[in-house]
Protein chains: 2
Amino acid sequence: MVSIFVIAKDNSNIAFFLETELEGLRQSIELLFLAYRDFTAEPDEILSRSGFGRAHHRVIYFVGRNPGMTVSQLLDILQITKQSLARVLRQLVDEGFIEKRLDEKDGRRRLLHLSAKGSEIEILLTTLQAERIRTAFDQAGKDAESVFKDVLRGIINEKDRGRVSDNC
Amino acid sequence: MVSIFVIAKDNSNIAFFLETELEGLRQSIELLFLAYRDFTAEPDEILSRSGFGRAHHRVIYFVGRNPGMTVSQLLDILQITKQSLARVLRQLVDEGFIEKRLDEKDGRRRLLHLSAKGSEIEILLTTLQAERIRTAFDQAGKDAESVFKDVLRGIINEKDRGRVSDNC
DNA sequence: CATATATGTCAATAAGGCTGACATATATAT
DNA sequence: ATATATATGTCAGCCTTATTGACATATATG
């Protein structure tokens with residue numbers, strides 16, 4: 001990988017090939033940045049009206065997707081510290097978007113659930129994002145969805161690939 | 001769009017169809033979050049060693065891609081305030097990663113360029129991300145790259161779609 | 001000459017991360 | 001039983017990156 005740039009200083013064919021390949025990949029990098037920026041902008045804007053931010057969105061989203069998940073599992077997905085999560089989670093619990101229930105099997109655990117209010121906003125935000133993606137799929141043709149998902153899976157660290165099922 | 005959830009309360013076929021469609025789209029949302037998280041983690045880690053963050057990365061990246069771009073153009077892409085950019089930019093100029101040159105045609109403008117040092121780190125970071133994406137393309141089959149880019153373009157707000165060329 | 005544009009800068013504030021330290025309750029292993 | 005490990009919570013302080021508002025300067029342009 002690093003060797004690409006050692007040999008790319010001359011004008012050999014292989015250097016040219018590798019340079020243009022990198023150029024194509026740069027476009028993907030850029031598109032990914034822009035797409036993620038616009039993908040998160042709408043929900044961010046809506047949440048900011050309620051005094052929440054993107055961090056709250058992520059918590060609402062993942063709890064909605066995994067009802068009854070534990071705090072540890074959430075930390076594992078978000079890859080932030082528990083102190084960071086605690087602040088966000090406390091606000092969401094205080095404002096009645098998320099409920100913490102005691103796990104009867106293991107009394108140390110708190111199981112996370114969306115309240116009706118939390119579920120409502122989750123659906124609103126998810127629909128906005130889903131709508132944006134669906135439009136893109138429609139424009140991009142037949143196998144766009146499966147190819148897109150496959151590539152994203154490939155970008156994700158191996159460890160977390162199994163987290164999202166592929167039964168669709 | 002909103003009507004999906006109005007009718008989804010009953011068990012009609014169409015409601016079921018729409019629910020499963022949303023479910024599939026939720027997977028894409030989740031994959032996009034995880035992919036972006038892992039996609040930025042490596043460069044973030046490297047930059048943090050030099051006391052920089054993701055904001056610096058973005059500036060280095062876009063200046064590298066658009067040598068001679070103006071401050072306004074950069075603000076337009078990043079969609080942050082000029083005060084936010086100013087701090088990051090000042091650090092990068094002070095540490096010799098970016099050069100500001102006076103535009104001879106319009107003396108109000110400062111044209112942004114990477115220094116050799118800036119170019120070096122840009123290549124390092126871009127290569128890491130490119131490598132990750134390339135591997136994903138390889139795994140995902142023949143047309144993965146063009147389909148992936150098409151979908152991302154569809155996700156990006158219309159206004160910014162032209163920003164990334166498609167001559168690849 | 002007046003106004004618009006491009007850039008820079010000061011100050012105050014907020015969100016959302018971080019580290020380190022410590023507390024409590026419950027499970028599990030010896 | 002006791003010791004250790006696990007799951008969670010919380011306090012305090014700090015950093016980065018963003019925000020808004022106000023104002024300054026240089027240069028272009030009508």
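Residue numbers begin at 1 in each chain, while the letters A, B, ... track the order of the sequences.
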_side chain to side chain donor-acceptor pair (under 3.5 Å) against A/Gln91, all qualifying residues, sequence neighbours excluded_ = A/His56
*Quick one: on DNA chain C, does A/Val88 or B/Leu89 contact a more 5' nucleotide (nearest heavy atom)?*
B/Leu89
*For DNA chain C, what residues of residues 100-109 of chain B have any heavy atom nearer than 4.0 Å?*
B/Lys100, B/Arg108, B/Arg109
*asked:* Taking salt bridge (charged side-chain N to carboxylate O under 4.0 Å, His left out) as the cut-off, I'd like each qualifying pair that reaches into residues 47-61 of chain A, sequence neighbours left out, listed once.
replied: A/Asp44-A/Arg54, A/Glu45-A/Arg49
*Return the orientation label for the A/Tyr61 and A/His57 ring planes: parallel under 30°, perpendicular over 60°, tilted otherwise.*
perpendicular
_When you group the ILVMFWY residues by side-chain heavy-atom contacts below 4.5 Å and let the links chain together, are A/Ile98 and A/Leu111 in the same group?_
no
*Hey, are B/Thr127 and B/Glu131 close enough side-chain-wise for a donor-acceptor pair under 3.5 Å?*
no
*Taking five pairs at each end of the helix from C/dC1-D/dG30 to C/dT30-D/dA1, what angle separates the two helix axes (nearest 10°)?*
30°
*Return each pair, listed once, that meets salt bridge (charged side-chain N to carboxylate O under 4.0 Å, His left out) where at least one residue sits in residues 77-95 of chain A; pairs must be two or more places apart or across chains.*
none
*Working to the nearest 0.5 Å, report the span between CD1 of A/Ile121 and CD1 of A/Ile46.*
7.5 Å
*Please work out which of the three classes, parallel, tilted or perpendicular, describes the rings of A/Phe97 and A/Phe52, given edges at 30° and 60°.*
perpendicular
Please list, pair by pair, any protein nitrogen or oxygen found under 3.5 Å from a nitrogen or oxygen in nucleotides 18-21 of chain C.
from   : atom 1 : to      : atom 2 : distance (Å)
C/dC18 : OP2    : A/Thr81 : N      : 2.6
C/dC18 : OP2    : A/Thr81 : OG1    : 2.8
C/dC18 : OP2    : A/Ser84 : OG     : 3.0
C/dG20 : N7     : A/Gln83 : NE2    : 3.4
C/dG20 : O6     : A/Gln83 : NE2    : 2.7

*Could you grab the distance from atom OG1 of B/Thr70 to atom CG of B/Asp106, nearest 0.5 Å is fine?*
9.5 Å
*Excluding sequence neighbours, so at least two apart, what forms salt bridge (Lys or Arg N to Asp or Glu O under 4.0 Å) with B/Glu120?*
none
*Where along residues 48-62 of chain B does a heavy atom come under 4.0 Å from DNA chain C, residue by residue in number order?*
none
_So, using side chain to side chain donor-acceptor pair (under 3.5 Å) as the criterion, who are the partners of A/Asp138 when residues are at least two apart?_
A/Arg134
_side chain to side chain donor-acceptor pair (under 3.5 Å) against A/Ser146, all qualifying residues, sequence neighbours excluded_ = none
*What are the bounds, 5' to 3', of the part of DNA chain D that sits under 4.0 Å from heavy atoms of chain B?*
D/dT17 to D/dA28
*Donor-acceptor under 3.5 Å (A/Gln129 side chain, A/Phe39 main chain)*: yes
_I'd like to check the side-chain contact (heavy atoms from CB on, under 4.5 Å) partners of A/Ser84; sequence neighbours left out, ordered by chain and number._
A/Ile80, A/Thr81
_Quick check for you: to the nearest 0.5 Å, what is the distance between A/Phe62 atom CZ and A/Ile77 atom CD1?_
5.0 Å
